[in-house]
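One structure is given below, encoded as structure tokens.
Residue numbers begin at 1 in each chain, while the letters A, B, ... track the order of the sequences.
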Protein chains: 2
Amino acid sequence: MNLTDKQRALIERIGVFMEKSGMQPAAGRIMGLLYVSDKPELTFDEIREVLGISKSATSNALSMLQHLNRLEYITYSGDRKRYFRLKLDKWRDLVMQGVESITDFSETLHEVVAERTSETKEYNQNLLEVADFLKYLHQELPKLLTAWEQQKK
Amino acid sequence: MNLTDKQRALIERIGVFMEKSGMQPAAGRIMGLLYVSDKPELTFDEIREVLGISKSATSNALSMLQHLNRLEYITYSGDRKRYFRLKLDKWRDLVMQGVESITDFSETLHEVVAERTSETKEYNQNLLEVADFLKYLHQELPKLLTAWEQQKK
DNA sequence: CTTTTAGTTCCTAATTTTGAGAACCAAAAT
DNA sequence: ATTTTGGTTCTCAAAATTAGGAACTAAAAG
């Protein structure tokens, strides 16, 4: 498989974007490749080869991405290779996962306020405000998702 | 200034949370400290001392946090020290900043689809779906924010 | 003008992250 | 039973991140 310059550039751009949100470089490139590749299902060796990375880097990145729920593989009977692909159709779950994590932070904020002096009234108020909005988001985002599904039709 | 064990634990927890979203350790701890500290405005040296980090680490982390718009400092006339504090009241801007960044990604996705083969119809459809939802989010989140402001009253 | 204060920058060391290469392993093919 | 395939794991080195300490700077104080 060979890629155009434009494709390579897109892969890098997506890779860097992923890195910024805490993903390791190789994993980001794999994500990018799977977004861009004309074949959306690639084997271990195709990935390794086209990105020019080692087996270990490939293996580690792939298993991390699977744990993060971004990737899965399928197999075809009579073929031992795994075909890796993005779990694109599950992006709704990922959105919800993200919301959960900020909701965790909201709970931490409540703990913080519980531990704070009551002297700093305005400050505490601000903290609770943030926490409350995060909780609101948690509650409203699913609705937003269904509203979007509706208007899409 | 001395902190309780609970406070220290909260600082670490917040620190780790921040690290996960790509922040450097010292910066995460400083954020944590400012959330937790009874005094919400701390000087350079107070921060350095209570966290037990060097001047350079403190200086670098503080300036990074200021660039990320998480922090600011104020001064008092007749006092040369800077008093650093969280830009807590500006959290709405931060939310919007986050939305902007996912909107950037949405545009990248459009470029990706433009570059893709038209063979993989369903795949391309999925990509556009994600891109479209991100754009929808960009449009709706401000409204959600004002709706929240309303119901708060 | 000299000293002190508050913070920054430079240089370097320690730690962490990342990934290559080889050895390894299990399942399938021969 | 042996070999091949597809992938994992281990060890180690390279590269990047992080932070300590000393030197430095600008402004204020004396």
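Between A:Trp91 and A:Trp148, the ring planes are perpendicular. Angles over 60° get that label, and only those under 30° would be called parallel. The aromatic rings of B:Phe44 and B:Phe84 are tilted relative to each other, their planes meeting at an angle between 30° and 60°.
Atom C1' of nucleotide D:dG6 and atom OH of A:Tyr83 are separated by 11 Å, given to the nearest angstrom. Between B:Arg82 atom CZ and C:dT8 atom C1' there is a gap of 9 Å when expressed in whole angstrom units. Rounded to whole Å, the distance from CE on B:Met64 to C1' on C:dT8 is 16 Å. Computed from coordinates, the A:Lys81 NZ to D:dT8 C1' distance equals 18 Å when rounded to whole Å.
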Heavy atoms under 4.0 Å is the rule here; annotate nucleotides 17-30 of chain C 5' to 3' with B where the base is hit, S where only the sugar-phosphate is, and - elsewhere. -SSBB-----BS--
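Of the N and O atoms on the side chains of A:Tyr35 and A:Gln7, not one donor lies less than 3.5 Å from an acceptor on the other residue. Using modelled atom types, one finds a donor on one side chain and an acceptor on the other under 3.5 Å when comparing A:Arg116 with A:Thr120.
For the pair B:Phe17 and A:Ser101, the minimum side-chain heavy-atom distance is below 4.5 Å. Residues B:Met31 and B:Met23 form a side-chain contact, since some pair of their non-hydrogen atoms from C-beta on lies under 4.5 Å apart.
Annotation: proximity of residues 42-49 of chain B to DNA chain C (heavy atom, distance under 4.0 Å) is found for B:Phe44, numbered in ascending order.
How far CG of A:Leu86 is from CG of A:Leu34: 4.5 Å, rounded to the nearest 0.5 Å. Between the CD1 atom of A:Ile14 and the CD atom of B:Glu111 there is a distance of 9.5 Å, given to the nearest 0.5 Å.
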